[in-house]
Amino acid sequence: MKNKLNGQSVKNLIIRGAHIVDPANKIDEVMDLHVKSHRIVKWGKDLAAEDAEIFDAKKLHLLPGLIDLHVHFREPGYEHKETIETGAQAAIAGGFVACVSMPNTKPACDNAQVVKYQMERANVLNFNLFPAGTLTQGREGKKISEMAEMKAAGAVAVTDDGNWVMDSGVARRVYEYAATHGLPVMSHAEDQTIALNGVMNEGIVSTKLGLRGRPNAAEDIATARDIELVRLIKCQLHFQHVSTIGAVAMIRRAKVAGLPITAEATPHHIALTDEEFLRYDTFYKMNPPLRTKADRQAVLQGLEDGTIDVIATDHAPHAFEEKDQDIEVAPFGTIGLESSFGVAMTELFHGRKWKLEEIVKKMSLTPAEILKKTNFGRLKTGEQANFILVDINKEWVFGEEHVHSKSVNSCFYGKKLKGKVLHTFVKGYQYTL
C-alpha cells in the first residue's frame, strides 16, 4: 500500500491551546483537551495530568471528526479498486473518523453476513464503518432485501445506490418496509429510462463535444416521485448527491411541508461544473454528472439555507486501467475523501465566508444526527477520541502524493486549496498526515 498511515495509540495526552469548535457543545474558544487510554477525559483551560504528554496545538483548530454518509469501499468483490483497509486510510487522511459504505459490492450487501464481514474488517483496522444494506435483493429492484437481519447486524440505512428503484409499486413496498424497521432510505434519484447511456450533463457542453447527455429531468422526475412516496408513507428519506436546480427546489418545498427528508451534496458539485468536461478527461465523469453554473449555484444556495443538510464525498474509486478507456465506456466516479475538507474550506469558509461551525455541522454533527450516532459529531467525555486538528489557513495544491486510496481517479488534481487536516484521531489512535 502506498503512503500507509500508522496510528499511534494515545495513552495520556494533553492537547494544549487548540481553538476548539464544537457546535453541539456550543464551544468556540481556545482550550485544552485531555485524552487518556484512547478516551476523552475532559476539556478546559490550563489542564494538567500526571505523566501526560503535551501536544502544542497553538494556531490549530480542533474539530469533531468528519463523517461521510456516502463512500464506496468496494469490498467484497472489487478489491482491485479499493479495499476496506485502503478506503479507511483514505478517510483518515481526509479527517474522516467514520463512513457509511454503499452496498454495490459483489455479492451485494443485501444480507447480514456481508454487513458483519464489513464491520469486522473495519474493527480490525480501528476504523468506524457503518454499512448501508440494499433496498432490494441484489440491487435488482424486485424483491425486498433482508432488512431486519441487516439492521440487527449493524446496517444503518438501506439503498440500492446507483440503481434507483424504477418500479414505483416496488419502491412503495420497500420504503414502507424500511420505515417499519426504522431504517433511513438513501436514494440515488435518477430515472434511468431518461438518463439512458449519457456520459455527462446534457446541455451546451455535451453538444459541443458530441457526447450523449444525462438531462436534469432524470434527477428531477425521480426526486418528485420519491417525495410523493414520503408524503404517503412518512418514511425517512435521504437524497444522495443532489445536483440540479429542480431537485433543490423540490426538496426545499418538501422540507417546508415538514416531510422527513434530508439531502447531501458532494464537493465536486459544490466546486465544479460541466465545463470541466472540455478537457475530455474521464476523471470528470461521475454520476450524477457535473452540472451547469446555474445548478452549482442552486446547490450552494441549498447548502446555505439548510435545504441540503450535509456534504458527502461519494468516494468512488476505480482502477487506473478502467478510467483509462474511451469516455463512453469508462466507469462513473471520482475519489473524494482526501480532498473533501480542503475543497469545503476553500469554497465555503474562505470563498463564501461561512463560519467554521457551519462546516462542522455539514460534515460532522448533522451526519451523526441523521445516523442517530450521538457519540459522534461532538466531543463527549468517556467516549473514544474521534476528532481532528486542522490548519484552516494552510495553502496547498492537491496532488497524487496526497492520495491514500488504492485508486487515483480524482477530479481535483492541481486545485489550490486553503485549509488542511494535519492530525486525525480515530478510536483513540493518532494519525499524523
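The basis for the numbers below is simple: all heavy atoms, side chains too, and nothing from hydrogens, waters or symmetry mates.
- Using a 3.5 Å distance cut-off with no hydrogens or angles, the side chains of E82 and H318 do not pair a donor with an acceptor.
- Distance check: F96 CZ to D68 CG gives 4.5 Å after rounding to the nearest 0.5 Å.
- R172 CZ: 12 or fewer foreign heavy atoms inside a 6.0 Å radius.
- Counting heavy atoms from C-beta on, the side chains of N6 and Q430 never come closer than 4.5 Å.
- With respect to K372 and E369, no salt bridge is recorded, no charged nitrogen being found less than 4.0 Å from a carboxylate O.
- Here the NZ atom belonging to K427 is positioned 9.5 Å from the CG atom belonging to L125, to the nearest 0.5 angstrom.
- Under a 3.5 Å cut-off, the side chain of S206 and the backbone N or O of G203 do form a donor-acceptor pair.
- Between I370 and H238 the shortest side-chain heavy-atom distance falls below 4.5 Å.
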(request) Before giving the answer on side-chain contact (heavy atoms from CB on, under 4.5 Å), spell out for E347 and L300 the whole-Å C-alpha distance, their side-chain angles and the decisive distance to 0.1 Å. (result) CA-CA 10 Å; E347 298 292 335; L300 287 166; 5.6 Å; no
(request) Show your reasoning for whether side-chain contact (heavy atoms from CB on, under 4.5 Å) applies to E304 and E358. (result) CA-CA 9 Å; E304 290 180 342; E358 294 303 320; over 6 Å; no
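- Heavy-atom minimum distance, P288 versus S243: CB-OG, 3.5 Å.
- Closest heavy-atom contact between A24 and R378: CB-CB, 3.6 Å.
- Taking the centre of each ring, H404 and H402 stay at or above the 6.0 Å mark.
- Few gaps surround NZ on K415; more than 12 heavy atoms of other groups in view lie less than 6.0 Å from it.
- In summary, the side chains of H72 and N104 do present a donor paired with an acceptor at a separation below 3.5 Å, with no hydrogens or angles considered.
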(message) Could you go through R296 and T273, starting from their C-alpha distance and side-chain angles, then the distance that decides it, and tell me whether this counts as side chain to side chain donor-acceptor pair (under 3.5 Å)?
(response) CA-CA 7 Å; R296 173 177 175 257; T273 71; over 6 Å; no
(request) Any chance you could lay out the side-chain contact (heavy atoms from CB on, under 4.5 Å) test for V185 and Q236, step after step, and finish with the verdict? (result) CA-CA 6 Å; V185 174; Q236 183 183 344; over 6 Å; no
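- Side chains of H61 and I388 form no contact here, defined as non-hydrogen atoms less than 4.5 Å apart.
- Ring geometry for H38 against Y429 counts as tilted: the plane angle lies between 30° and 60°, on a 0 to 90° scale.
- When T292, D295, N216, D220 are each tested for a side chain to side chain donor-acceptor pair (under 3.5 Å) with T244, only one passes: D220.
- A salt bridge is defined here as a Lys NZ or Arg NE, NH1 or NH2 lying under 4.0 Å from an Asp or Glu carboxylate O, and D274 with R291 fails to meet this definition.
- Q137 places a side-chain N or O within 3.5 Å of a backbone atom of I144 that can act as its donor or acceptor partner.
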(message) For a salt bridge (charged side-chain N to carboxylate O under 4.0 Å, His left out) check, start with the C-alpha distance between R173 and E176, then their side-chain angles and the critical distance, and finish with the verdict.
(response) CA-CA 5 Å; R173 290 193 295 276; E176 285 176 334; over 6 Å; no
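- Taking the six-membered ring wherever Trp is involved, the centroid distance between the rings of F398 and F412 does not fall below 6.0 Å.
- Side chain of D309 to backbone of A263: a donor-acceptor contact under 3.5 angstrom is found.
- Residues H423 and Y431 place their aromatic rings such that the two centres sit no closer than 6.0 Å.
- Using modelled atom types, one side-chain atom of N163 and one backbone atom of R139 make a donor-acceptor pair closer than 3.5 Å.
- Summarising the geometry, atom CD1 belonging to I27 is positioned 9.5 Å from atom CG belonging to L62; distances are rounded to the nearest 0.5 Å.
- S187 pairs in a side-chain contact (heavy atoms from CB on, under 4.5 Å) with only one of the listed residues (T223, D161, L237, I261), which is L237.
- The pair E328-R212 meets the salt-bridge criterion, since a charged nitrogen lies less than 4.0 angstrom from a carboxylate oxygen.
- Atom CD1 of I335 and atom CE of M286 lie 11.0 Å apart (nearest 0.5 Å).
- At least one side-chain heavy atom of I227 sits less than 4.5 Å from a side-chain heavy atom of F239.
- The number of heavy atoms from other shown groups lying within 6.0 Å of OH (Y280) is above 12.
- E275 contributes no side-chain N or O that, together with a main-chain N or O of V205, makes up a donor-acceptor pair within less than 3.5 Å.
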Quick one: side chains of residues 129-136, donor-acceptor pairs under 3.5 Å with protein atoms, not counting sequence neighbours, listed by atom name and distance.
residue: T134; atom: OG1; partner: T136; partner atom: O; Å: 2.9
residue: T136; atom: OG1; partner: E140; partner atom: N; Å: 3.3
residue: T136; atom: OG1; partner: G141; partner atom: N; Å: 2.8
residue: T136; atom: OG1; partner: D160; partner atom: OD2; Å: 2.5

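- A donor-acceptor contact closer than 3.5 angstrom is absent between the side chains of W43 and N25.
- Two residues are said to be in side-chain contact when any heavy atoms from C-beta on lie closer than 4.5 Å; P76 and Q118 meet this criterion.
- Under the side chain to side chain donor-acceptor pair (under 3.5 Å) rule, R214 has a single partner from E190, E219, E202, which is E190.
- Side chain of S364 to backbone of G65: a donor-acceptor contact under 3.5 angstrom is found.
- Here the straight-line distance linking atom CG of L229 with atom SG of C235 works out to 7.0 Å at 0.5 Å rounding.
- The closest donor-acceptor contact from the side chain of D28 to the backbone of V21 lies at 3.5 Å or more, if one exists at all.
- In the model, T105 has no side-chain atom that pairs as donor or acceptor with a side-chain atom of R74 under 3.5 Å.
- Side chain of K323 to main chain of N409: no donor-acceptor pair is present (N/O by atom type, distance under 3.5 Å, no hydrogens or angles).
- Pairing each heavy atom of P23 with each of V360, the nearest pair is CD-CG1, 3.5 Å.
- Across all their heavy atoms, I311 and A344 have their closest contact at CD1-CB, 4.3 Å.
- The two residues P317 and S405 have their closest heavy-atom pair at CB-OG, 3.9 Å.
- Between V100 and M186, the closest heavy-atom pair is CG1-CE, 4.5 Å.
- Put simply, the side chain of T366 never gets that close to the backbone of K362: no donor and acceptor are under 3.5 Å apart.
- Put simply, OG1 on T180 and OH on Y175 are 15.0 Å apart, with the number rounded to the nearest 0.5 Å.
- In this structure, the side chains of Y117 and C109 stay at 4.5 Å or more apart for every pair of heavy atoms.
- With D324 contributing its side chain and F320 its backbone, the two residues share no donor-acceptor pair below 3.5 Å.
- For the pair K406/T83, a side-chain contact is recorded, criterion being any heavy-atom separation below 4.5 Å from C-beta on.
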(request) Using the side-chain contact (heavy atoms from CB on, under 4.5 Å) rule, take I92 and F127 through it: C-alpha gap first, then chi angles, then the decisive distance, then the call. (result) CA-CA 9 Å; I92 292 167; F127 187 73; 4.0 Å; yes
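- Using a 4.5 Å heavy-atom threshold, the side chains of L433 and V421 count as touching.
- Taking the centre of each ring, H70 and H241 come in below the 6.0 Å mark.
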